[in-house]
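Reviewing the structure listed below.
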Amino acid sequence: MTWDVINPGIWVIFGVIGLPVYTLFLGWFLGKPREYSTTVLGLSVFASLVLSLWGGLYVVTMLIRFFFFTG
């Protein structure tokens, strides 16, 4: 069986794993009572986690490149 349109991994990542995150964001922005300080705090924590993960992966990738693939 071939997947012509969307690979099953995309469904897992954006559907199963992303669904709680999407629900959380919608609850922050559309929920009542709205507390903008909680929304800003949650978004800043989420952004800092994402940036630290991507930044750490970039640093590790550059270290691997430097130690193993430079001649």
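All values reported here derive from a predicted model rather than from experimental measurement. In what follows, every heavy atom counts, from backbone to side chain, and hydrogens, waters and symmetry copies are set aside. Numbering of residues begins at 1 and proceeds along the displayed sequence.
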field: Shortest non-hydrogen contact from Gly15 toward Leu19
entry: O-CB, 2.9 Å
query: Can you get from Ile13 to Val16 by hopping between Ile, Leu, Val, Met, Phe, Trp and Tyr side chains that sit under 4.5 Å apart?
result: no
message: Strictly by ring-ring contact (aromatic ring centres under 6.0 Å, His included), give each pair with a member in residues 22-42 just once, sequence neighbours left out.
response: Phe25-Trp28, Phe25-Phe46
Could you list the donor-acceptor pairs under 3.5 angstrom formed between side-chain atoms of residues 51-65 and any protein atom two or more places apart in sequence or on another chain?
residue : atom : partner : partner atom : Å
Ser52   : OG   : Ser48   : O            : 3.1
Ser52   : OG   : Leu49   : O            : 2.9
Thr61   : OG1  : Leu57   : O            : 2.6

message: Once side chain to side chain donor-acceptor pair (under 3.5 Å) is applied, do any residues pair with Thr39, and if so which ones, sequence neighbours excluded?
response: none
- prompt: If Ile, Leu, Val, Met, Phe, Trp and Tyr residues are connected whenever their side-chain heavy atoms lie under 4.5 Å apart, and connections chain through other members, are Leu24 and Leu43 in the same group?
  reply: yes
